[in-house]
Structure formats: structure tokens, C-alpha cells
Amino acid sequence: IETLLTEKDLAEEHLLVTAGPTREPFDPVRFITNYSSGKMGYAIATMARRRGATVTLISGPTQLPVPSGVRFLSVSSAREMRDAVMTTLPEATVVIKAAAVADYRPAVRQEQKMKKKDEDLTLKLERNPDIIQEIGKQKENRILVGFAMESEHLVEHAIGKMVAKNMDFIVANDVTKQGAGFQGDTNIITILDREGEMEELPLMDKMAAAGIILDKVREIRDTRRN
Ligand code: CTP
Ligand code: CA
């Protein structure tokens with residue numbers, strides 16, 4: 001019913017949305033990850049579909065049901081996510097990178113389950129590819145949206161990321177605030193754009209936050225058309 005009642009104002013867009021954490025294994029049974037629930041990205045995919053967009057959702061492991069009507073690609077590591085994103089990118093007109101991509105992966109993935117020893121263990125980590133940065137280098141007419149989760153200097157860090165990665169706008173949230181962040185159903189977001197505008201939004205449902213993020217996408221598309 002919601003779908004029938006919603007204006008199809010994104011019908012001309014193909015949104016590529018990434019969501020969830022990545023898993024970086026170091027043996028067959030263990031991995032490094034983070035607390036991302038995937039809720040923000042899934043909310044964006046759901047709302048975009050309701051608004052008529054074609055949606056590809058590329059997701060790391062989450063507990064969430066696949067939103068209906070969405071093309072879904074399941075991935076695990078950052079490198080798998082990168083490959084899936086790059087394969088889909090040519091069709092995408094909007095890219096929203098809500099995934100919490102692990103910055104590092106274990107340098108070695110052991111074939112067999114590691115056995116404990118008496119001494120301490122040091123794991124060497126190596127850098128993962130920065131997916132959104134790669135997209136930023138071949139952005140063309142796409143609208144590129146990133147996220148930043150920060151524990152301090154929210155605005156400075158977020159603007160730095162937006163500029164460095166060639167995003168059109170960035171959605172920043174402060175993990176130290178109650179009601180913001182990875183696990184809950186709510187978020188407290190600040191939207192920063194290339195025009196220097198800053199919109200500090202109150203605590204809201206992730207679905208409502210997704211709606212505002214998509215309004216901003218629509219607004220940028222409209223200004224480019226004129
Ligand atoms: N991102 C990405 N690929 C990575 C790391 C991050 O595409 N390997 C994207 C995220 O999906 C997000 C944006 O970059 O949209 C910012 O992620 P964040 O972790 O906040 O920033 P980093 O640049 O990784 O900086 P740091 O973790 O040091 O704060
Ligand atoms: Ca990071």
C-alpha cells in the first residue's frame with residue numbers, strides 16, 4: 001500500500017546502494033568485522049524502490065530481509081563488495097555507500113583453522129581498496145553519496161572525506177550520541193554538501209532519514225537538469 005501511495009519521483013534513476021559490514025577472514029572460521037546492522041542502507045534501498053527507482057542493493061552479511069523489488073547481491077569481504085560495485089557501476093545513476101567497509105583485512109588467510117599457542121599472537125593487516133574513492137574517480141554524471149561515522153570532529157572529518165572522495169554530499173553521524181549509529185532503528189544525521197550547506201537533523205527513524213537523503217538526491221538531480 002505504501003508503494004501505491006508514494007510519488008514515483010525517482011523513476012528515472014538506478015540506485016546502487018551498499019549496506020552492512022564486511023567480513024575479513026583470517027582462517028576458515030574467524031574474521032574481523034564491525035557492528036554495522038545494515039539498517040540505514042536497507043532503509044534507503046526500500047524507500048528508493050517505493051519512489052520508483054531501479055535499485056541494486058549490494059550487502060555484506062546482515063540479519064535483515066531483502067527489500068522487495070530490489071536487485072540483491074550478497075557479498076562478504078571488502079574486495080568482494082568492490083568487485084560487485086564495479087560490475088554494477090556502469091548502469092548506476094546514483095551511488096549511495098552506506099556500507100561500513102573494513103579498512104583493513106588480515107594479510108594472510110590461513111587454509112586451516114589456526115591453533116592457539118602459548119605466546120601472544122600478532123596479526124598483520126593490510127589496506128582494503130577504498131571503494132567510494134574509486135567510484136569518485138569515474139563519477140561522470142552520477143550522484144555520489146557517502147557516509148561518515150565519527151566519534152569526534154564530525155563536521156571537519158566529514159567534509160574532508162566528501163572532498164577527498166569526490167562525493168556530492170555526505171551523511172555524517174556522531175556515534176557518541178544516544179540514538180545514532182550502527183545498531184538501532186533511529187539515527188541523528190547531519191547532511192553536508194559541496195555548496196557548503198549543512199543540515200543538522202533531529203533524531204529520527206532510519207526510514208525517515210532515508211527519505212530525507214533521497215530528497216537531497218532528487219534536489220541535486222533537479223539542479224543539474226536546469
Ligand atoms: N568507504 C569505502 N571503502 C572503504 C572505506 C570506506 O567505500 N574501504 C566508504 C564508506 O562506505 C563511506 C565512506 O567511505 O561511505 C566513509 O567511510 P569512513 O569509514 O567514515 O571513512 P574512511 O575514509 O575509511 O576514514 P576513517 O575510517 O579513517 O575515518
Ligand atoms: Ca573507515
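When a residue number appears, it is its place in the shown sequence, counting from 1. Quick caveat, the model's predicted, so the values are computed rather than measured. Counting starts at 1 for both ligands and their atoms, following the listed order.
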Heavy atoms of Ala78 and Asn128 approach each other most closely as CB-ND2, 3.3 Å
Within the heavy-atom cut-off of under 4.0 Å, ligand 1 is lined by Lys97, Ala99, Val101, Asp103, Pro129, Asp130, Ile131, Ile132, Gly146, Phe147, Ala148, Met149, Lys161, Lys165
With sequence neighbours left out, the residues meeting salt bridge (charged side-chain N to carboxylate O under 4.0 Å, His left out) with Asp185 are Lys39
Only residue of Val85, Val75, Leu73, Thr22 satisfying side chain to side chain contact (heavy atoms under 4.5 Å, CB included) with Glu80 is Val75
For Asn173 and Met40, what are the C-alpha separation, side-chain angles and deciding distance, and is it a side-chain contact (heavy atoms from CB on, under 4.5 Å)?
CA-CA 12 Å; Asn173 60 87; Met40 195 63 242; over 6 Å; no
Polar contact flag, side-chain donor to acceptor under 3.5 angstrom, Thr190-Glu200: no
Have Tyr42 and Ser59 got a donor and an acceptor in their side chains that come within less than 3.5 Å?
yes
